[in-house]
Structure formats: structure tokens, C-alpha cells
Q: 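Just dropping this structure here.
Hydrogens, waters and symmetry mates play no part in the numbers below; they use all other heavy atoms, side chains included.
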Amino acid sequence: MRKLLALAMVVVMMMTLLLACSTKEDTKNAGEGKTESTEGASGETKEEALPATTKVVLNEVAHSIFYAPMYVAIEEGYFDEEGVDLELVTGFGADKTMTAVISGSADIGFMGSEASIYTYNEGANDYVVNFAQLTQRAGNFLVAREEMPDFKWEDLKGKDVLGGRKGGMPEMVFEYILKQNNIDPQKDVKIDQSIDFGSTAAAFSGGQGDFSVEFEPSATALEKEKDGYVVASLGTDSGYVPYTAFSAKQSYIKDNPEVIQGFTNALQKGMDYVQSHKPEEIAAVIQPQFKETGMDTLTTIVTRYYEQDTWKDNLVFEKESFELLQDILEEAGELTKRAPYEELVTKEFAETAAK
């Protein structure tokens with residue numbers, strides 16, 4: 001009898017141990033045991049498992065208020081809701097951001113989609129594919145030394161303008177607008193492309209140039225110091241241009257479709273937010289991302305982008321936009337051959353997120 005009792009106790013202990021191990025493993029597989037409490041209609045508290053998180057390194061071309069929907073998604077916790085543990089790194093240039101993605105030090109890149117065309121045409125095997133478009137207008141402005149309420153693009157003829165890097169989107173869009181207004185960028189205007197991207201505002205304040213092409217917050221800062229005045233929006237005058245998009249290597253998208261979808265879902269929530277809230281509300285949400293910028297300035301900049309319809313209501317990168325981008329690249333003399341839309345853009349994730 002004692003032997004039977006002892007044997008029974010051993011069996012019970014073994015079953016208990018096995019159940020404990022099984023429960024521990026199940027918990028680990030279900031998001032490493034993360035839960036959140038929600039209160040049901042009857043008032044009782046329910047425990048709901050959060051999705052398992054995946055670390056994603058995002059390299060952005062620049063840290064700019066121009067990309068407000070992305071920062072809304074970060075600050076409102078939308079990436080967390082989709083199981084994306086996001087690490088944001090600033091590349092300070094499309095070339096550096098693309099290098100980070102190709103080398104594998106970043107999972108996703110956020111930059112001008114012209115970079116994906118360049119690398120594809122150079123013969124990259126595991127080239128990057130654009131899966132979500134964020135901005136649909138250029139984000140820079142033309143700043144003059146005095147107020148010009150009746151400014152016309154022909155006013156630039158014979159003037160010195162501080163421009164952007166050759167082959168970069170700011171400069172190419174600027175030259176595209178000049179040509180649309182029958183102005184030859186090589187003959188009718190003297191464009192200074194020798195100044196570093198982040199130093200043109202200081203150079204303009206110091207007396208260089210009659211006009212300067214500036215991003216925010218530099219354009220607003222020049223106005224506040226009365227060193228310059230915004231006289232035109234390149235975003236408005238160039239029309240709808242696929243200025244920035246999110247991309248990843250073919251292999252990463254193939255191996256991590258659920259991560260790309262969760263990432264895109266979070267971005268879409270950010271897009272929905274900016275479409276349904278006022279500039280003041282958007283500025284308040286993204287303020288932690290721009291602590292060095294006062295709320296008045298931040299609101300002014302968000303309002304400027306908001307009013308020119310900078311952000312799409314969805315993230316779908318349409319073929320017409322891609323072809324327009326290539327038109328701009330061709331006119332700038334930066335395109336050796338046109339790249340196929342079907343190879344460099346996928347709409348699958350953005351269309352799913354928009355539903």
C-alpha cells in the first residue's frame with residue numbers, strides 16, 4: 001500500500017511539473033507573458049494578451065516636422081499596439097539611409113524613393129522595395145530677403161539662389177518648377193549648390209544669395225528673425241510628388257511580411273490622426289520629438305504643411321506618382337534608365353492597412 005501511495009505521489013508530482021513547464025512555455029510563446037487589463041460591459045476585468053513584439057530599426061533620412069504622421073504613430077503608441085518595438089535612427093541623407101538598409105544595420109529606410117531607383121539601376125541583387133508613401137508634396141519653401149506678396153517664379157531670373165545637393169529631391173523639384181515656368185536653371189538663375197544642406201539658412205542670414213530654398217524649421221526661423229520671408233511653397237507649385245516613402249530589402253519583406261504589415265498599420269493610424277485633427281492638436285502630440293522647438297513655432301510649421309495637403313490619407317504608392325518621380329529625375333539628368341514600378345513598389349501592405 002505504501003509503495004502504491006508513494007508511486008501515486010511520484011506520478012502526481014511529475015504531472016504537476018510537466019504542467020508547470022507547459023504553462024511557462026505557452027506563456028512565452030504568447031507574447032512573453034505581456035497582458036493588459038480591459039474592463040468589460042459587466043464591469044469585470046479581463047486580461048488580454050498583447051502581440052509578441054519584434055525589434056525594428058528604422059533609419060529616417062532626416063528628423064523633420066514634415067514627417068508628422070510618423071511621429072504621431074510613435075507618440076500615440078501605435079507601433080506598440082502592432083507589436084513593433086521601434087528604434088528610430090536619423091541617417092542625415094538618403095545616401096546614408098540607403099547604405100544602412102542595404103548593409104543590414106537598418107531594417108526599414110525612410111527616404112526619397114529616388115534612392116531605390118538609383119540602387120536598382122546600379123544592379124543591386126537584393127534591392128529595396130517601397131511599401132508605403134508618407135508625403136505627397138515637397139516640404140521646402142522659397143525664402144526671399146523681403147516680403148513679396150505678388151511673387152512670380154520669373155522674379156528669380158538673374159538672381160542668386162542657395163539651392164540643394166545635385167541629384168537630391170529638393171534641388172530636382174526646384175529645377176522642375178523652374179522648367180515648368182519656362183526658366184532655364186542653367187542659364188536664367190545662378191544656383192549655389194556648394195553649401196551643406198543644414199547650413200544654407202545660416203549662409204542666407206549672413207548675406208549670401210538673393211533667395212534660399214529651405215526646409216522647416218529653417219524657413220520659419222528666418223521669418224521670426226526677420227532675415228527672410230517665405231514667398232512660395234515648392235510643395236504647392238510642383239504638384240503631387242511622392243517625396244518620401246518607406247522601403248526595405250526584398251529579402252526582409254519576404255521573410256517578415258507580418259512585421260511590415262504591422263509597421264504599415266501603425267503608420268496608417270498616424271495618417272488617420274492627422275486627417276482628423278487640427279494642426280494645434282498634431283503639434284501637441286509630436287512636441288516630445290521636437291523639444292527644442294517652441295509650441296508656437298511647431299504649430300506654425302504643422303499648419304503650413306497641413307494647409308498645403310502634404311500628407312496622403314493612405315499610404316498607397318500609386319504608379320502615376322512613381323512615373324512622375326521618374327519624369328523629374330529624367331529632366332534633372334539623373335536617370336540612366338527608367339525602372340519598373342512593379343519591381344520597386346508593392347501596394348499590398350498599404351492597401352490592407354487602409355481597409
Q: How about Phe263 and Phe349: are their ring centres within less than 6.0 Å of each other?
A: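 No, the ring of Phe263 stays outside the 6.0 Å limit from the ring of Phe349, centre to centre.
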Q: Verify, without hydrogens or angle tests, whether Ser233 (side chain) and Gly235 (backbone) share a donor-acceptor contact under 3.5 angstrom.
A: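 Yes, because the side chain of Ser233 sits within donor-acceptor range (under 3.5 Å) of the backbone of Gly235.
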Q: Strictly by modelled atom types, are Glu280 and Thr299 linked by a side-chain donor-acceptor pair under 3.5 Å?
A: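 No, no side-chain donor-acceptor contact under 3.5 Å.
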Q: In a check of ring pair (Phe, Tyr, Trp, His ring centres under 6.0 Å) between Phe66 and each of Trp311, Tyr305, Tyr306, Phe141, which one passes?
A: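 Of the listed residues Trp311, Tyr305, Tyr306, Phe141, the ring pair (Phe, Tyr, Trp, His ring centres under 6.0 Å) partner of Phe66 is Tyr305.
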Q: Is a side-chain donor or acceptor of Glu214 paired with a backbone partner of Ala221 at a separation under 3.5 angstrom?
A: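 No; zero donor-acceptor contacts below 3.5 Å.
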Q: Check the pair Glu76, Val285 against side-chain contact (heavy atoms from CB on, under 4.5 Å), reporting the backbone distance first and the verdict last.
A: CA-CA 8 Å; Glu76 289 293 286; Val285 169; 3.8 Å; yes
Q: Could you tell me whether the side chain of Ser199 and the main chain of Ile195 form a donor-acceptor pair under 3.5 Å?
A: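 Side chain of Ser199 to backbone of Ile195, a donor-acceptor pair under 3.5 Å: no, none is there.
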Q: Can you confirm whether Thr119 sits close enough to Met98 that some side-chain heavy atom of one is under 4.5 Å from a side-chain heavy atom of the other?
A: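 They are in side-chain contact.
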Q: Does a sphere of radius 6.0 Å around NZ in Lys166 hold more than 12 heavy atoms from other residues, nucleotides or ligands, not counting ones at 6.0 Å or beyond?
A: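 No, NZ of Lys166 has 12 or fewer neighbouring heavy atoms, counting only those of other groups under 6.0 Å.
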Q: Do the non-hydrogen side-chain atoms of Glu82 and Lys269 ever get within less than 4.5 Å of each other?
A: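 Contact flag for Glu82/Lys269 side chains = yes.
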Q: Are His63 and Phe290 close enough that their ring centres sit under 6.0 Å apart?
A: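 Close enough - the centres of the two rings lie under 6.0 Å apart.
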Q: Does the side chain of Asn59 come under 3.5 Å of the side chain of Thr97 through a donor N or O and an acceptor N or O?
A: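 Looking only at side-chain atoms, Thr97 and Asn59 do form a donor-acceptor pair, the distance falling under 3.5 Å.
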Q: For side-chain contact (heavy atoms from CB on, under 4.5 Å), just list the numbers for Val345 and Phe131, CA-CA rounded to whole Å, side-chain angles, deciding distance to a tenth of an Å, and then say yes or no.
A: CA-CA 6 Å; Val345 177; Phe131 63 86; over 6 Å; no
Q: Within the 3.5 Å criterion, strictly below it, is a donor on Gln268 or Tyr78 matched to an acceptor on the partner's side chain?
A: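 No, Tyr78 and Gln268 have no side-chain donor paired with an acceptor closer than 3.5 Å.
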Q: Checking the side chain of Lys157 only, and the main-chain atoms of Val189 only, is there a donor and an acceptor separated by less than 3.5 Å?
A: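 A pair under 3.5 Å: no.
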Q: Could you tell me whether Lys159 and Asp188 have a side-chain N and a carboxylate O separated by less than 4.0 Å?
A: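 Asp188 and Lys159: not salt-bridged.
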Q: Using a strict 4.0 Å threshold on nitrogen-to-oxygen distance, state whether Arg304 and Glu216 make a salt bridge.
A: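 So Arg304 pairs with Glu216 through a salt bridge.
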Q: Rounded to the nearest 0.5 Å, how far does OG1 of Thr264 lie from CD of Glu351?
A: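 So the gap between those two atoms works out to 11.5 Å.
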Q: For Pro242 and Gln133, which heavy atoms make the closest approach, and how far apart are they?
A: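 Pro242 and Gln133 have their closest heavy atoms at CA-NE2, 3.5 Å.
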Q: If the plane angle is over 60° it's perpendicular, under 30° parallel, otherwise tilted; pick one for Trp153 and Phe151.
A: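 The arrangement is perpendicular - the two ring planes meet at more than 60°.
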Q: Given the rule that I, L, V, M, F, W and Y join up when any side-chain heavy atoms are under 4.5 Å apart, are Val61 and Ile102 in one cluster?
A: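 Linked within one cluster.
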Q: Is any side-chain heavy atom of Val101 closer than 4.5 Å to one of Asp107?
A: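 They are not in contact (no side-chain heavy atoms under 4.5 Å apart), so the answer is no.
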Q: What I'd like to find out is whether the side chain of Lys55 reaches to under 4.5 Å of the side chain of Glu87, using heavy atoms alone.
A: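 Yes. Closest side-chain heavy atoms under 4.5 Å.
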Q: Are Ile108 and Val89 connected into the same hydrophobic cluster when the rule is that any two of I, L, V, M, F, W, Y join if their side-chain heavy atoms are below 4.5 Å apart?
A: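 No; tracing contacts between hydrophobic side chains, which count when under 4.5 Å, never links both residues.
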Q: How long is the gap from OG on Ser113 to CD on Gln326, to the nearest 0.5 Å?
A: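 Answer for the OG-CD pair, Ser113 versus Gln326, is 9.5 Å.
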Q: Any luck finding a side-chain donor-acceptor pair between Glu146 and Tyr229 under 3.5 Å?
A: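 Judged by distance alone, the side chains do not pair up.
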Q: Between Thr135 and Thr244, do the side chains contain a donor N or O and an acceptor N or O under 3.5 Å apart?
A: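 Yes, side-chain donor-acceptor contact under 3.5 Å.
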Q: Using 0.5 Å steps for rounding, measure from the CG atom of Asp85 to the OG1 atom of Thr54.
A: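 That separation rounds to 8.5 Å.
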Q: Using a 3.5 Å distance criterion without hydrogens, assess whether the side chain of Asn121 forms a donor-acceptor pair with backbone atoms of Lys337.
A: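 Confirmed, Asn121 side chain pairs with Lys337 backbone.
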Q: Do you know the tightest heavy-atom contact between Ala339 and Leu344?
A: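 It is CB-CD1, 3.6 Å.
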Q: Do other residues, nucleotides or ligands put more than 12 heavy atoms under 6.0 Å from Asn125 CG?
A: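 At most 12 heavy atoms, drawn from other residues, nucleotides or ligands, come within 6.0 Å of this atom.
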Q: Measure the spacing between CD1 of Ile191 and CG of Leu162 and express it to the nearest 0.5 Å.
A: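 So the gap between those two atoms works out to 10.5 Å.
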Q: Would you check, one step at a time, whether the test salt bridge (Lys or Arg N to Asp or Glu O under 4.0 Å) holds for Lys249 with Asp255?
A: CA-CA 10 Å; Lys249 289 193 294 187; Asp255 294 341; over 6 Å; no
Q: So, for Ser212 and Phe204, which heavy atoms are closest and what is the spacing to 0.1 Å?
A: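 Where Ser212 meets Phe204 most closely, the heavy atoms are CB-CD1, 3.7 Å.
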Q: Heavy atoms, side chains only, cut-off 4.5 Å: are Lys347 and Glu318 in contact?
A: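 The answer is yes, as the side chains (C-beta and beyond) meet within the 4.5 Å cut-off.
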Q: I'd like to know whether Leu298 forms a side-chain contact (heavy atoms from CB on, under 4.5 Å) with Gln287, so could you lay out the CA-CA distance, the side-chain angles of the two residues, the decisive distance to 0.1 Å, and finally the verdict.
A: CA-CA 8 Å; Leu298 191 57; Gln287 198 276 329; 3.9 Å; yes
Q: Are Val128 and Leu335 connected in a single hydrophobic cluster, I mean Ile/Leu/Val/Met/Phe/Trp/Tyr linked by side-chain heavy atoms less than 4.5 Å apart?
A: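 Per the 4.5 Å side-chain linkage, Leu335 and Val128 are co-clustered.
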Q: Classify the ring geometry between Phe110 and Phe246 as parallel (under 30°), tilted (30 to 60°) or perpendicular (over 60°).
A: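 Phe110 and Phe246: parallel rings.
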Q: Is a donor on one side and an acceptor on the other found under 3.5 Å between the side chain of Asn181 and the backbone of Ile183?
A: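 Checking the backbone N and O of Ile183 against the side chain of Asn181, no donor-acceptor pair under 3.5 Å is found.
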Q: Is any side-chain heavy atom of Met70 less than 4.5 Å from a side-chain heavy atom of Leu58?
A: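 The answer is yes; the side chains approach within 4.5 Å.
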Q: Whether the Tyr273 and Glu75 side chains hold a donor-acceptor pair (N or O, under 3.5 Å, no angle test) is what I'd like checked.
A: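 The answer is no; no qualifying pair exists.
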Q: Do the ring planes of Phe317 and Tyr341 sit parallel (below 30°), tilted (30 to 60°) or perpendicular (above 60°)?
A: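 Taking Tyr341 first and then Phe317, their aromatic rings stand perpendicular (interplane angle over 60°).
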Q: Minimum heavy-atom separation for Phe322 to Pro340, with atom names?
A: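 Reported closest heavy-atom pair: CE2-C, 4.2 Å.
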Q: Between Tyr120 and Tyr127, what is the ring plane arrangement, given parallel below 30°, perpendicular above 60°, and tilted in between?
A: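 Perpendicular, since the angle between the ring planes exceeds 60°.
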Q: Are the side chain of Asn140 and the backbone N or O of Val213 linked by a donor-acceptor pair below 3.5 Å?
A: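 Not at all, since once roles are kept as given, no pair shorter than 3.5 Å links the two residues.
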Q: Between Thr297 (side chain only) and Thr293 (backbone N and O only), is there a donor and an acceptor less than 3.5 Å apart?
A: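 Here the side-chain-to-backbone pair does not exist.
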Q: List the atom of Met148, the atom of Val231, and the distance in Å for their closest heavy-atom pair.
A: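 Where Met148 meets Val231 most closely, the heavy atoms are CB-CG1, 3.8 Å.
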Q: Say whether, by atom type as modelled, one donor and one acceptor occur between the side chain of Asp126 and the main chain of Gln250 under 3.5 angstrom.
A: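 Yes, Asp126 side chain to Gln250 backbone: donor-acceptor pair under 3.5 Å.
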Q: I'd like to know if the side chain of Gln193 reaches the main chain of Gly164, judged simply by a donor and an acceptor atom lying under 3.5 Å from each other, with no hydrogens or angles considered.
A: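 Yes; judged by distance alone, with no hydrogens or angles, the pair exists.
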Q: As an exercise, state the distance from CD1 of Ile282 to CD1 of Ile301, rounded to the nearest 0.5 Å.
A: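 Reported value, rounded in 0.5 Å steps: 13.5 Å.
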Q: Under a 4.5 Å cut-off applied to non-hydrogen side-chain atoms, are Leu88 and Ile74 in contact?
A: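 The answer is yes, as the side chains (C-beta and beyond) meet within the 4.5 Å cut-off.
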Q: With a 4.5 Å cut-off on side-chain heavy atoms, are Tyr67 and Ile286 touching?
A: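 They are not in contact (no side-chain heavy atoms under 4.5 Å apart), so the answer is no.
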Q: Looking only at the side chains, is there a donor atom on one of Asp309 and Tyr240 sitting less than 3.5 Å from an acceptor on the other?
A: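 Asp309 vs Tyr240: donor-acceptor pair found between side chains.
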Q: Identify the two heavy atoms, one from Pro170 and one from Leu234, that lie closest to each other, and give their separation to 0.1 Å.
A: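 Looking at all heavy atoms of both residues, the closest pair is O-CD2, 4.3 Å.
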Q: Report whether Leu324 and Leu329 are members of the same hydrophobic cluster (ILVMFWY, side-chain heavy atoms less than 4.5 Å apart, transitive linking).
A: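 Yes, same cluster.
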Q: List the steps, then state whether side-chain contact (heavy atoms from CB on, under 4.5 Å) holds for Phe211 with Asp160.
A: CA-CA 7 Å; Phe211 294 85; Asp160 293 340; over 6 Å; no
Q: Mind checking the CE-CG spacing from Met169 to Leu325? Nearest 0.5 Å is all I need.
A: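 Output value for this atom pair is 5.5 Å.
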Q: With a cut-off of 6.0 Å (strictly less than), are more than 12 heavy atoms of other residues, nucleotides or ligands near CD of Glu225?
A: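 Atom CD in Glu225 is not packed in, count stays at 12 or less.
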